[in-house]
Amino acid sequence: MTNTTAAAPVHGYSDLNRLMSLMTGDEKHGPAATSTLDALWVLYDRVLRVSPGSVDSPDRDRLLLSKGHGPMAYYAVLAARGFFGEELLPGFGSYDSPLGHHPDRLLVPGAEIGSGSLGHGLPLAVGSVLGLRAQGLTDPRVWVLTGDAELDEGSNHEAIAYAGPAGLEQLHTLVIDNASASHARPGGIAARFEAAGWSVLSVDGRDHEALYDAFTAPHPGRPHAVIARVTPKR
């Protein structure tokens, strides 16, 4: 397998708030962004086997940002990891900036998908795992980051229902639960995944060690879901 381990970061976790502050303007979706910051950092810093030099490697791990609104945390983490220079951050959301209000995979180095309409990331992740399997690539892991309200979309329910019985072990879903969903689920979010045969862990979404342990927990023969509970910062 190609070495896709992330290189040393350009910046550390303590720099993320400064990097976030460089992005100004309207429609920032600040609470949505800050809800994902810690989980994204742990993934890119300690879990994902991808680096600026391996973004085109077939053996890389993939992160699909389905929760594409409020991408400031995503951009800050990518800049901190060296996927692009921080000089791009102040242009966030402007006409000629590659950093749009929803990431564009053709413009943002390191982005795996273009996001916009909610509910697409998890089905795309299922397809990505099936595509990797068809190529005989069983080492790369596919992660998808979704929001709790986004799970109301029917496409997500279909993906969850399929992935468990199909035993898609390479598939990992991170759900940011910041209590933004309008419709409660009997038993909570975890119960929906468990009913479909997934491995599921629920953790404090700001506890880095708890996140790391949940992200790296073994789940042989089953897809894995991590429910990260977060109180948004205003």
Side-chain angles (χ1 to χ4, degrees), residues 6-48 50-52 55 61-116 118 121 143-150 174-180 203-212 215 226-234:
V10 176
H11 300 289
Y13 176 76
S14 62
D15 296 301
L16 293 180
N17 283 335
R18 180 185 65 82
L19 295 173
M20 291 262 288
S21 72
L22 297 176
M23 291 172 273
T24 59
D26 296 331
E27 300 299 327
K28 291 190 300 182
H29 292 285
T34 57
S35 294
T36 66
L37 186 62
D38 293 274
L40 280 169
W41 175 255
V42 174
L43 279 173
Y44 274 96
D45 187 51
R46 302 170 61 183
V47 178
L48 295 176
V50 65
S51 68
V55 292
D61 287 345
R62 290 134 170 97
L63 173 74
L64 281 57
L65 188 74
S66 188
K67 182 181 168 65
H69 54 296
M72 295 192 305
Y74 184 54
Y75 294 153
V77 170
L78 288 177
R81 298 300 308 182
F83 286 85
F84 55 80
E86 68 172 89
E87 66 274 4
L88 292 181
L89 298 177
F92 165 69
S94 61
Y95 174 76
D96 57 352
S97 172
L99 307 182
H101 290 120
H102 286 269
D104 185 329
R105 72 175 186 87
L106 299 179
L107 299 177
V108 180
E112 293 285 352
I113 61 171
S115 58
L118 297 177
W143 283 85
V144 57
L145 191 159
T146 74
D148 55 336
E150 187 179 358
L174 166 61
V175 181
I176 302 296
D177 181 6
N178 56 14
S180 63
V203 297
D204 179 344
R206 301 205 187 278
D207 185 329
H208 289 199
E209 292 306 315
L211 285 165
Y212 176 77
F215 291 159
V226 175
I227 316 302
R229 302 180 303 272
V230 177
T231 300
K233 296 177 181 178
R234 300 292 174 177

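Keep in mind that the numbers below use all heavy atoms, side chains included, and drop hydrogens, waters and symmetry copies.
Here Leu40 pairs with Thr36, Tyr44, Leu63, Ala73, Tyr74, Val77, Leu145 under the side chain to side chain contact (heavy atoms under 4.5 Å, CB included) rule; sequence neighbours left out. For the side chain to side chain contact (heavy atoms under 4.5 Å, CB included) test, residues two or more places apart in sequence or in another chain that qualify with His208 are Tyr13, Asp38, Trp41, Val42. The ring pair (Phe, Tyr, Trp, His ring centres under 6.0 Å) test applied to Phe84 returns no partner, not counting sequence neighbours. Ser66 meets the side-chain hydrogen bond (donor to acceptor under 3.5 Å, both in side chains) test with Glu150; sequence neighbours excluded. In this structure, the side chain to side chain contact (heavy atoms under 4.5 Å, CB included) partners of Ile113, at least two apart in sequence or on a different chain, are Leu64, Leu124. With sequence neighbours excluded, no residue forms a salt bridge (charged side-chain N to carboxylate O under 4.0 Å, His left out) with Glu87.
In terms of heavy-atom proximity, Gly82 sits nearest to Pro52 at O-CG, 3.4 Å. The nearest pair of heavy atoms linking Ala80 to Leu19 is CB-CD1, 3.9 Å. When every heavy atom of Ala228 is checked against every heavy atom of Gly205, the shortest pair comes out as CB-CA, 3.8 Å. Across all their heavy atoms, Phe92 and Pro71 have their closest contact at CE1-CG, 4.0 Å. The minimum heavy-atom distance between His102 and Ser115, with the atom names listed, is CB-O, 2.9 Å. The two residues Val50 and Asp61 make their nearest non-hydrogen contact at CB-O, 3.8 Å.
With values rounded to the nearest 0.5 angstrom, Ile176 atom CD1 is found 8.0 Å from Thr146 atom OG1. To the nearest 0.5 Å, atoms CG (Leu89) and CG (Leu99) are separated by 6.5 Å. Note: Glu209 CD to Arg46 CZ = 4.5 Å, rounded to the nearest 0.5 Å. Note that the OG1 atom of Thr34 and the CG atom of Asn17 stand 9.5 Å from one another [nearest 0.5 Å]. Leu174 contributes atom CG, which lies 7.5 Å from atom CG of Leu211 (distance to the nearest 0.5 angstrom). Going from atom CE of Met72 over to atom OG1 of Thr24 covers 9.5 Å, rounded to the nearest 0.5 Å.
Counting heavy atoms from C-beta outward, Tyr75 and Leu88 have side chains that stay 4.5 Å or more apart. Using a 4.5 Å cut-off on side-chain heavy atoms (C-beta onward), Val230 and Arg206 make contact. Looking at Glu112 and Leu65, their side chains never come closer than 4.5 Å, going by heavy atoms from C-beta outward.
The salt bridge (charged side-chain N to carboxylate O under 4.0 Å, His left out) analysis of residues 90-111, with sequence neighbours excluded, yields no pairs.
At least one donor-acceptor pair closer than 3.5 Å links the side chain of Ser94 to the backbone N or O of Gly91.
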